[in-house]
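Worksheet: one structure, shown below.
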Protein chains: 2
Amino acid sequence: MGKKQPSISVTVDAIVFGYEKNEGVSVLLIKRKYEPFKDSWALPGGFVQEEESLETAVKRELQEETGIKVNYLEQLYTFGAPQRDPRQRIISVAYWALVKTSLFVELKADTDASQVQWFNIEKLPKLGFDHKLILDKAIQRIRAKVRYEPVGFELLDKKFSFADLEKLYMSFLGRDIDRRNFRKKMMGLKMLDELDEWSKSEGAGRPSKMFRFNKARYEQLQKEGILFEI
Amino acid sequence: MGKKQPSISVTVDAIVFGYEKNEGVSVLLIKRKYEPFKDSWALPGGFVQEEESLETAVKRELQEETGIKVNYLEQLYTFGAPQRDPRQRIISVAYWALVKTSLFVELKADTDASQVQWFNIEKLPKLGFDHKLILDKAIQRIRAKVRYEPVGFELLDKKFSFADLEKLYMSFLGRDIDRRNFRKKMMGLKMLDELDEWSKSEGAGRPSKMFRFNKARYEQLQKEGILFEI
DNA sequence: ACAAAAGTGTTCCCTATACACCCATGG
DNA sequence: CCATGGGTGTATAGGGAACACTTTTGT
């Protein structure tokens, strides 16, 4: 330690996954207003200021560029290949979060973005920088995460049907789930409170019982970890 | 993106875990030659140069400061709290690795270190910076890792007894294991090849059969992941 | 009455866990 | 012959996986 101190810049990037019952999993992207990669889609993010923590920086950039406010982001990985940014050496610390898409329908492009938009993760545009790489890693992480920690609390309405929860898990796992086994498992975890309400009908079919998460139990399971083999 | 570009420096730190049959798990630490934290123990590491990748940087620093060469390091986490370094804003990308202690008995303190030493993770000295925090996170990570990926290949001699492997797992998991169940599990995974050799005696006791890792199978399990519930 | 979606129970198998005695060697 | 460490098998329980029919509603 000691000799040179090269000039390397530090940025943060945010992968915000949104979930919506009918739409599935989306990612929030911005269209870049400036070079490099002007008019390309990219992850929101930007330079870390000297006095702020990394997490503060992501939240700030997210707010500035997309107008959305996220409470908790988790660090994903740090990308630092020498040529990943054409301008200069930049290393980027990526963070990710999971939100309910419907809470953020009013996206406002701002400082460095000319547009902000949700993209279903099955239909992504071409991305600037190495952001495809970053996004892939984030998707991989979220898939793994679902298997050892409960998800859904922040992603569904307060009251939801079992089918809603099932769809959510199928979106994240990317495959089908047996309804009966899933229900048994979930009930066994005691994560859900059964309500005395029934869904209004949307077309044909038997109405479904409504549930809500048991917050205390949910948070306990987040700490302890679950083994979600289904 | 765009406005200011604050001057933040980027460092890498290395957590090198060493394993030795009789000693258990150790970490490689250096005694700092310069301020800040002169004469404190700390993780080896240093500034990233402008043209090198993060991984290259860790390897280089490790070699410079401790004389050891490590082939593969895995990124752990990036630490970036504003006040974590008293000099200036520094963010540090931490990497960790697992090596066989016996391969590195000749440690040579060099550039920034006045001493280099293995410390058993049960008997750690006080560390400078936020390195205790970093180390704790690394230990946590390694514990988790053992449970979904095989370890040992790089840590044991080519030929080893079942007891050796068992001790290794007990070190990492930090608890006892049932010998019989462990053996069944390992054999079931087909990770080991049984040899036609028996250990020479070291004191009393029945000689033990020797094994070696089945490299192909081992690597396959690394990719696929195992669920090591024992 | 039919289509659509929700609710429910059983069987099987596999794996984790608990547990105790015999065997080969050195001293 | 005894202390030390290595090697082996069995019984039980719990959870994951596969699987099909009934119920309620809208049309």
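Predicted, not measured: the structure shown is a model, and the values here were computed from it. Within every chain, numbering begins at 1; the chains are lettered A, B, ... in the order of the sequence lines, protein sequences first and strands thereafter.
Straight-line distance from the CE atom of B:M187 to the P atom of D:dG7: 9 Å, rounded to whole Å. One can place NZ of A:K185 at 20 Å from P of C:dG7, the figure rounded to the nearest angstrom. We find that CZ of B:F182 is positioned 14 Å from C1' of D:dG6, with the value rounded to whole Å. For the pair B:M186 CE and C:dA16 C1', the computed distance is 15 Å after rounding to whole Å. Rounded to whole Å, atom P of C:dA16 lies 13 Å from atom CD1 of B:I177. In this structure, A:L165 atom CG and C:dG7 atom C1' are separated by 16 Å, rounded to whole Å. Going from atom CD1 of B:I226 over to atom P of C:dT15 covers 14 Å, rounded to whole Å. In this structure, B:D176 places its CG atom 14 Å from C1' of C:dA18, rounding to the nearest Å.
For the residue pair B:P125 and B:F119, the shortest heavy atom distance occurs at CD-CD2, 3.4 Å. Closest of all the heavy-atom pairs between A:E194 and A:K209 is OE2-NZ, 2.5 Å.
Of the candidates A:K21, A:R212, A:K100, A:D157 forms a side-chain hydrogen bond (donor to acceptor under 3.5 Å, both in side chains) with just one, namely A:K100. For the side-chain hydrogen bond (donor to acceptor under 3.5 Å, both in side chains) with A:Q220, the qualifying choice from A:E224, A:Q222, A:K223 is A:E224, the only one to do so.
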Per-nucleotide protein contact along nucleotides 8-14 of chain C, 5' to 3', at a 4.0 Å heavy-atom cut-off (B base, S sugar-phosphate only, - neither), is BBB----
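Note that CG of B:L221 and CZ of B:F228 are 11.0 Å apart. Values are rounded to the nearest 0.5 Å.
With no hydrogens or angles considered, a side-chain donor-acceptor pair links B:D13 and B:S92 at under 3.5 Å.
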